Amino acid sequence: MTALDKSVQEAAVEHEDLEHADNDKTPLGHGRMLRKEDPRFIRGMGRYVDDLQLNGMLHLAILRSPVAHANIVSIDVSAAQAHPKVKAVITGADLAAQGLAWMPTLSNDVQAVLATDRVRFQGQEVAFVVAEDRYSARDALELIDVEYDVLPPVVDVRKALAPDAEVIRTDLEGKKDNHCFDWETGDKDATEAVFAKADVVVKQDIVYPRVHPAPMETCGCVADYERVSGQLTLWTTSQAPHAHRTVYALVSGLPEHKIRVIAPDIGGGFGNKVPIYPGYVCAIVASLVIGKPVKWMEDRTENLVSTGFARDYVMQGEIAATKEGKILAIRTHVLADHGAFNGTAAPIKYPAGFFGVFTGSYDLEAAYCSMTAVYTNKAPGGVAYACSFRITEAVYLVERIVDCLAYELEMDPVELRKKNFIQPDQFPYTTKTGWVYDSGDYERAMDVALEMAGYDDLRREQEEKRAKGELMGIGVAFFTEAVGAGPRKDMDILGLGMADGSELRVHPTGKAVLRVSCMSQGQGHETTFAQIVAEEIGIPVADIQVVNGDTDQTPFGLGTYGSRSTPVSGAAAALVARKVRDKAQIIASGMLEVSVADLEWQKGSFQVKGDPGRSVTIQDIAMRAHGAGDLPEGIEGGLEAQICYNPSNLTYPFGAYICVVDIDPGTAEVKVRRFVAVDDCGTRINPMIIEGQVHGGLTDGIGMALMEMISFDEDGNCIAGSLMDYLIPTALETPHWETGHTVTPSPHHPIGAKGVGESATVGSPPAIVNAVVDALKPYGIRHADMPLTPSRVWDAMQGHPTPPI
Amino acid sequence: MQVPAPFDYERATSVDDAISKLERLGEEARLVAGGHSLIPMMKLRLTDLEYLIDINDLHDELGYVRVGVDEVRIGAMTRHRELLESPELAAVFPIFADAEQVIADPVVRNRGTIGGSLCQADPSEDLTAVCTALDASCVIRSSSGERVVSMEDFHRGPYETAVGQAEILTEVRLPVRPGGSSAYAKVERRAGDWAVTSAGAAVWMTDGVITNARVGLAAVGPNTAGIPAISELMQGKPPSEELYAQAGELASAACNPSTDNRGTVEYKRHLADELTRRTLRTAVQRIEAGLAGDEGGNR
């Protein structure tokens, strides 16, 4: 036996042990269990796009604009073309000749694949090189000579609409300014009337700065066009493979059935992998032109400076209340920076995403929001970065402004929130902006959090510390999310309805394959979805294989973002399993020679009512469905089903978060001491996975609240182009997370589950900022904007908190 | 993946070999030790070189901490981790353990070296401040022999040192005087980030009176003379909060920070003051406790 054989055998044995250990604890359905995908990822055996090696594969690198705004005077590619390892150099002019220089964005705008006459943000794609290896491709980029005629950049969002601002979108016919869109929701007049009668009105400017999803794996793809068959296969970092396939068909003119999009393992998405980026299109064009597979992988800088950012909302919040603390109305105006192209990933009817839920968890008399979106010389995007389509911004706004009201009323922030919560008997509750919250018990979740945190003791401790000059802050935030888009009647991405297909096939031996349209980027779908099916059909989780990410292998659906996997695809998985179970019941009635009505389902088998001795297992039924012998009349062989689930409403998870911080009065450094997170996402399929998602989102919240920001200098240079400049938190900044939960099932979801993937990212930034501002109360501070770096906290302590932009 | 431009690579087998390679390959050659600054700069294509001379095989020759009676000698290839984990060094200069705990992260500390840090001369780099506080001198070798320079002469500005093209820093020498201790403190936006501002202080006392005090700052403009005004102020006086405050003011006035994403000029000046006070206080407390000790100023 060779050493290699031995190690393989040992690994197999070890793996088996692991599986046994798991199986002992594995629930037959919902419950705590380790993830099925863990052995693969923990052992470094994940297979990502950049792991793919194909025969004859070439490498593509993109030349990007070094300036934010300029006309392109000339491009000389001759030296690059002369590089011995270079196969092709393509410019915008070359693409324009094929009608491929522009592509649609996810918000019905257009974006340049390669700039033709003008660059509009630093990092914009200008040309690409295809070479034999990635080193040569990068070397050749330095041989391309571009002459730029620099234009004044529009960097300050507040000046984008100034009459003298340079017009960015000269490509749009007749465009005379940098206006992108206006949007409003709620009742302006009714809100004005309520504000007029209120005892107390509090106004606050609140900025949610531009941040970046920064997934560990950057974006990339391998495009392989087979000239003989006319088949294009694209391995790509996509959160929505089916939607991408359709868009590629529409852009390239290739027939959709000849396009196969495969998303292999994905190293984090967070919305960054929802849009279609120019690099993907460039790789496809390169493979079409050269007839060989072409790989493009971004480097870290490219990912940070050019791909979908998030947030960038400059908000004015106003809240009206009685002097007793009854909140009457909330009003806001938002100035939204959409960068050079409107690439926001959101359902088409919702240009501001689901920002309309800015009314929060409170029972209001009126609400109104107006928004102005503008173009600037910054990277396009505005993605659903773990934000459920802008709910992060909405929740931050309402939870900050409510704290501002508490400050002015000198009221405890918990008491104020409790006084205004939507009550359990008010659900389903229609908000003043038209959202129908499905279910909730807010006060119960808040009470669990208060109990876990020991809130009263914390307040006492704070009082003692303040007397000694120490700075301790307690921040409270309560959020309601809206996740799980569709319904398809209201929600689509580029005309594609947001409904999800699912297919379940049970093999003769009782093992099953579930095919889903959503796409895991690390969420644990292979486990969660197997558990959903196991719960419905009684086949062990280990016996259910979940397939996702390959458009040739899975039914159509819109992918994974906005916490929609469990609300939409999860519902589809449960319903397709029930459909298979219904058929299994008919087959069982034949096997047991009783009527269908005389059978009752015990998870995993049908038994004759009143006669537990007579039963057949789902595995027996599967063999019968494929075996010899007759089946009940009208029943086809096989045991499989397919459905497409169109949700009737979103699901509305919620949570109560409490954060405790200590601030060093001498250095202004913020230390998050404790964080209590109580989440209610309805039925909990795998609590371990939920806790993992919550831990991740809370860490993300620390990043945004304390350190993350994509910033620009006055020339429009992005000064967050590496992870030394764009900081993301480490384990050292995070406390031991204290998680808790309540369960309020969704009434319309087949298993009562709500999405949870983004809850903690939504809920944690306001809790942390509220805690910091609470700690700074002795300085008379009511608000300070993120990111609360030591320098910015110190500014606040000097009495002049400054907005980050 | 970021990839560097083409370059040639050679491994040096000894200090003399490294020097002869530098002489042979000329201006376009650079030494690489831990590589945690140079390699990223190459991959970002911010630095252009033709030859990389790897001196990691010189760790046997230049990786050491030798604590003598009146001097500590540290070889230029000594890794951050070795500085962090040396009890002998912590016993005389606790400032090293303080600083090394907050320099980058364990992965960087496993490879990065004191020589590399000093020669890279990043304006936010910590060990220059440490060596400044300790009144270090640097040994530079070339084919014509060795020369010894003070920190003030060694550090010429951002990314610039006294080390010439065909020269190599071989050793850092730190004088040991009785009755002294030291401390280091750093404010960073996040663990592993470069300093917003750092301060290192070394204090020597006899019979309850300060005989000398030196302060080195990082990330707030060059300061490699230990801020003589602080030495003058504190010499001959017993330690007190008032004295630390005065020293802090001098440090704040002596530095020359600029506003960037890490902080404003005002905040950095405030930190120079605050951290100077803190490190002086800790150093004096350590002397009074009769130990150099290992309880860092950052804890």
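Only heavy atoms go into these numbers, but all of them, side chains included; no hydrogens, no water, no symmetry mates. These figures come from a predicted structure and were not determined experimentally. Every chain is numbered from 1, with letters handed out A, B, ... down the list of sequences.
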Query raised in the report: Do other residues, nucleotides or ligands put more than 12 heavy atoms under 6.0 Å from the CG atom of Asp48(B)?
Result: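 At most 12 heavy atoms, drawn from other residues, nucleotides or ligands, come within 6.0 Å of this atom.
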Side chain, backbone, both or neither: which part of [X] has a heavy atom under 4.5 Å from chain B?
X: Asp713(A); result: neither
X: Glu142(A); result: side chain
X: Ile719(A); result: both
X: Thr667(A); result: both
X: Met724(A); result: both
X: Pro729(A); result: backbone
X: Thr730(A); result: both

Chain A contact via [X] - which portion, at a heavy-atom distance below 4.5 Å:
X: Glu188(B); result: backbone
X: Pro40(B); result: neither
X: Glu274(B); result: side chain
X: Arg45(B); result: side chain

Most heavy-atom pairs under 4.5 angstrom with chain B, which of [options]?
options: Asp664(A), Leu706(A), Asp50(A); value: Asp664(A)
options: Leu727(A), Thr789(A), Leu732(A); value: Leu727(A)
options: Glu302(A), Glu733(A), Met707(A); value: Glu733(A)

Query raised in the report: For the residue pair Val670(A) and Val772(A), what are the closest heavy atoms and their distance?
Result: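 So the minimum-distance heavy-atom pair works out to CG1-CG2, 3.9 Å.
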So, [X] and [Y], do they make that salt bridge, N to O below 4.0 Å?
X: Glu669(A); Y: Arg189(B); result: no
X: Arg277(B); Y: Asp273(B); result: yes
X: Arg138(A); Y: Asp299(A); result: yes
X: Arg134(A); Y: Asp139(A); result: no
X: Glu100(B); Y: Arg81(B); result: no
X: Arg11(B); Y: Asp54(B); result: yes

Query raised in the report: Out of Leu275(B), Asn261(B), Asp260(B), which one racks up the most heavy-atom pairs below 4.5 Å with chain A?
Result: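 Among Leu275(B), Asn261(B), Asp260(B), the one with the most close pairs to chain A is Asn261(B).
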Report task. Please work out whether the ring planes of Tyr726(A) and His212(A) are parallel, tilted or perpendicular, with thresholds of 30° and 60°. Result ->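 The rings of Tyr726(A) and His212(A) stand perpendicular, inter-plane angle above 60°.
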Query raised in the report: Considering only heavy atoms from C-beta outward, does the side chain of Val661(A) approach that of Arg673(A) to under 4.5 Å?
Result: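 In short, these two side chains do not touch, never coming nearer than 4.5 Å.
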